[in-house]
Amino acid sequence: MHVALQTLVSSILSGGVLALIAMSLALVFGVLRIVNFAQADFMMLGMYGVVFLAADTHAPSLLLGILMFIPGVLLGAGIYKLLLVRRGGGGPSFGGFAHDQLLITFALSLIIESAAAMLFSGTPRTLNPGKAIRTWDLGGFALDQARVIAFVASVVIGVALLWYLNNTQSGRRIRATAADDVAAQIVGVNVARVRTVVFATSIGLAGVAGGILVGYYPVTPTTGANFLFYAFAALALGGLGNVLGALVGGLIIGIAQGIAQIFISLQLTDFVVFGIFLVVIFISPNGILGKAVRA
Amino acid sequence: MSSARPSTRRLRSGLVTGAVGMLALTALAACGAGSGSSSASGPNGVVTIAAIEPLSGAFATSGKDELEGAKFAIQQINAAGGIKSLGGAKLKLISGDAGTTPAQATATAQTVLSKPGVSAALGCWFSSLSLAATAVGELDKIPWLTASASDQIVAKNPKYVFKVSSPLIQGTNGLQYLIQHYFTKNGHEPLLAIAGDNNVANTSFYNQYKAWAGQGIARIGTQKIWTPPLADATPVASAVVSGHPDLIVLGATSTSDETELLQALKSLGNTAPLVGTASSWDNPSYLQTVGGPAMERIITPDGLPFPGKGSEAATAAYQKFSGEPWMDSEAASAYSNVEILAQAIEQAKSSKPADIATALHKLHLVNFQPLAGMFPGWNDVSFQANGQRKGGSFVLTEWLNGVPKNVYPPDLAVATADLGGTS
């Protein structure tokens, strides 16, 4: 019982960061219909960013993780303008996107991984090892501080993103563009700018997710690949392009991993997780939270 | 009609140009093949060795260490005058990325070994990769030396594959030695927990441990086996710790998994001694990831060499060459493999793969330094007909004061094993 509870709590906590990555994917898919295969690689870059900055500045790693939003946004805006916007202009109603962008983001993923392997080597890196294993002892029940902090930070950022989308003018512009970009343009929304902002924000969020994750997870150039397919599963489970759905989907995937590990087998974790995913998608093709595509 | 003629002419001229090109290419290829097979050494007196190692992905740390060890050996051999029986021919290393899957390792081996003039190959550290890639060496008839542990690599009696590591049983013999000397209390067998991945060598280890249960050597408690990489080590660590084992066997082979698992075990307050199964547990990267104190007293029985008494000069030179704080067993095994290979080339007096393979089968190195100071039995190196190195034993390396040290066998040991009062 103790082991089961420990595993379940750990899995839910891990699901928090997964949810943040899935939300960043949902944002960009909802507005741009881009399936970004490089998303988790930007997360990996955020992890390295925090590792190096923490070594140089000794600043709190959580603060550095949140600051990864800034380079992420700049990088995202640059990549969108340089690579993606040229391949069809952008958006569901403006043609030409899907195939090219799949290949572009896939190529980008391989390039980022290779460059990281060259620059940082394959040796795993962590933050100060002492920090990584601090726990709160709740009557024999060890709660990993870094995981709890990462979970709380991810959920707070996720909720803040939802609030921003639902309660601000620019958030409404994003939702309007996601719902119908042609109509949004007709009523005066600068759709091109919205798309740039959304893609940049999405990469910024991936950087933040990495910056938070590295608090307890070692980073290597291929760390992103360990999370990418779980994040996509979370995205589809919650409803493609649905940011709230991605948050819920991430948590569900985390819990499913825990259940598989407790009751079935470590080696069958993916079988169980993606099995649950397929069953849900079969029953509810638009994901748990209903409507097909919306930010 | 008038428009057809020029296009026919263009077609004919294109065909002629293509045919001439093909002939030229074929001639060039024939020249290349000829030069590789007829000369004693390659172009400009160079003997090319291919190292197929995991240079990206989960096993890259170990792969790069092997590559570094091989480069160091080649630098040493070339600085000492190269292959003397070939007029001082220099060794040249070319490398390829074995990646993380047998398919990647095979594809890379095919690409690299198809390059002209490759005389021999090394790699791939991770047994599952070596098992696949060495088959390419066998098919291409290029001798391949591997430090991987799995006995399956030589199970089909290959002619061109040479397994330099000890037979797998030596790894389990090392653990059995530890159990009998340190963990058997009042005649009661200790309770073992197993936490490791399903790499082909590890799976063989686990099967051996399970066989001990019926032999009164050890009892087997919690077993947590996964396919790398591990997304979250907490469930594994939690299950293992809650079983209250006397000893935890760590079978992770990716340094990333190992790091996560160690952190999770620490966070859950584990106090049971830790024994590694893979050579990667003596890797210097742990200083960066979990820190020396977290590694203290982790002990690894291994069928690979680890520098001990007699290899001080070589390891000091390696430290200077690589900038690494010590020569770990991956670097030491690749270093040893190149030294053995160089001796075979020397005796073959040829860079032809077939001649080198024959020389390796006949090789008998007696008290060959500095290898004799790295591994028990390495004062007498030779191979069985199936390519398995004859004899072989195990070494024990233990992290003491932030550095892994050779603690067994006594004639090579530079420190005494300290398992925290468990004996």
Side-chain angles (χ1 to χ4, degrees), chain A residues 1-11 13-15 18 51 55 113-114 116-118 121-130 132-135 137 140-147 216-223 225-227 230 254 257-258 260-262 265-270 273, chain B residues 54-65 97 99-100 195-198 222-243 254-260 262-270 283-295:
Chain A
M1 185 59 196
H2 180 270
V3 176
L5 199 60
Q6 183 85 57
T7 301
L8 202 58
V9 169
S10 171
S11 303
L13 294 180
S14 301
L18 195 61
V51 167
E113 274 186 31
S114 303
M118 250 188 339
S121 85
T123 300
R125 290 174 198 258
T126 57
L127 289 174
N128 182 331
I133 51 174
R134 278 188 195 152
T135 57
D137 188 0
F141 186 83
L143 218 47
D144 188 330
Q145 290 183 12
R147 280 176 194 271
Y216 65 88
Y217 197 89
V219 57
T220 69
T222 52
T223 296
N226 299 355
F227 290 87
Y230 290 123
Q257 281 178 319
Q261 286 163 353
I262 299 163
S265 160
L266 268 172
Q267 292 178 79
L268 290 177
T269 305
D270 284 354
V273 168
Chain B
L55 303 176
S56 64
F59 315 113
T61 306
S62 299
K64 285 181 178 168
D65 278 354
D97 183 5
T100 54
D197 63 44
N198 55 4
T222 310
Q223 298 170 50
K224 285 289 169 188
I225 318 293
W226 68 86
T227 304
L230 194 57
D232 181 2
T234 308
V236 177
S238 178
V240 164
V241 171
S242 67
S254 135
T255 41
S256 182
D257 286 356
E258 288 164 350
T259 300
E260 249 226 292
L262 279 182
Q263 287 181 336
L265 286 168
K266 283 271 168 196
S267 72
L268 295 171
N270 171 61
N283 200 294
S285 66
Y286 288 111
L287 296 178
Q288 295 171 32
T289 55
V290 294
M295 298 300 291

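The closest side-chain heavy-atom distance from T126(A) to Q263(B) is below 4.5 Å. Using a 4.5 Å cut-off on side-chain heavy atoms (C-beta onward), Q257(A) and D232(B) make no contact.
If you measure heavy-atom distances from K224(B) to chain A, the contacts under 4.5 Å come from both the backbone and the side chain. For N198(B), the part sitting under 4.5 Å from any heavy atom of chain A is the side chain, from C-beta outward, and nothing else.
If you take CG on L230(B) and OG1 on T269(A), they are separated by 8.5 Å, rounding to the nearest 0.5 Å. Note that the CD atom of Q6(A) and the CG atom of L268(B) stand 5.0 Å from one another [nearest 0.5 Å]. Atom CG of D197(B) and atom CD of Q267(A) lie 9.5 Å apart (nearest 0.5 Å). Taken to the nearest 0.5 Å, the CD atom of Q223(B) stands 12.0 Å off from the CG atom of L266(A). Interatomic distance, OG of S267(B) versus CD of Q145(A), reported as 10.5 Å (0.5 Å rounding).
In terms of non-hydrogen atom pairs under 4.5 Å with chain A, the most contact-rich of A233(B), S256(B), S285(B) is S256(B). When each of A239(B), P235(B), A60(B) is scored by its heavy-atom pairs under 4.5 Å with chain A, the top score falls to P235(B). With chain A as the partner, the residue from S242(B), S254(B), S238(B), G269(B) showing the most heavy-atom pairs under 4.5 Å is S238(B).
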Report the C-alpha separation of Q261(A) and V236(B) in whole Å, then their side-chain angles, then the decisive distance to 0.1 Å, and conclude whether the side chain to side chain contact (heavy atoms under 4.5 Å, CB included) test is met.
-> CA-CA 8 Å; Q261(A) 286 163 353; V236(B) 177; over 6 Å; no
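Taking the side-chain contact (heavy atoms from CB on, under 4.5 Å) definition, one finds that T222(A) meets it with E113(A), T220(A), sequence neighbours left out. Take N270(B) and apply the side-chain contact (heavy atoms from CB on, under 4.5 Å) test, not counting sequence neighbours, and it matches V241(B), I248(B), L265(B), A272(B), L274(B).
The two residues A117(A) and K64(B) come nearest to each other via the heavy atoms O-NZ, 3.6 Å.
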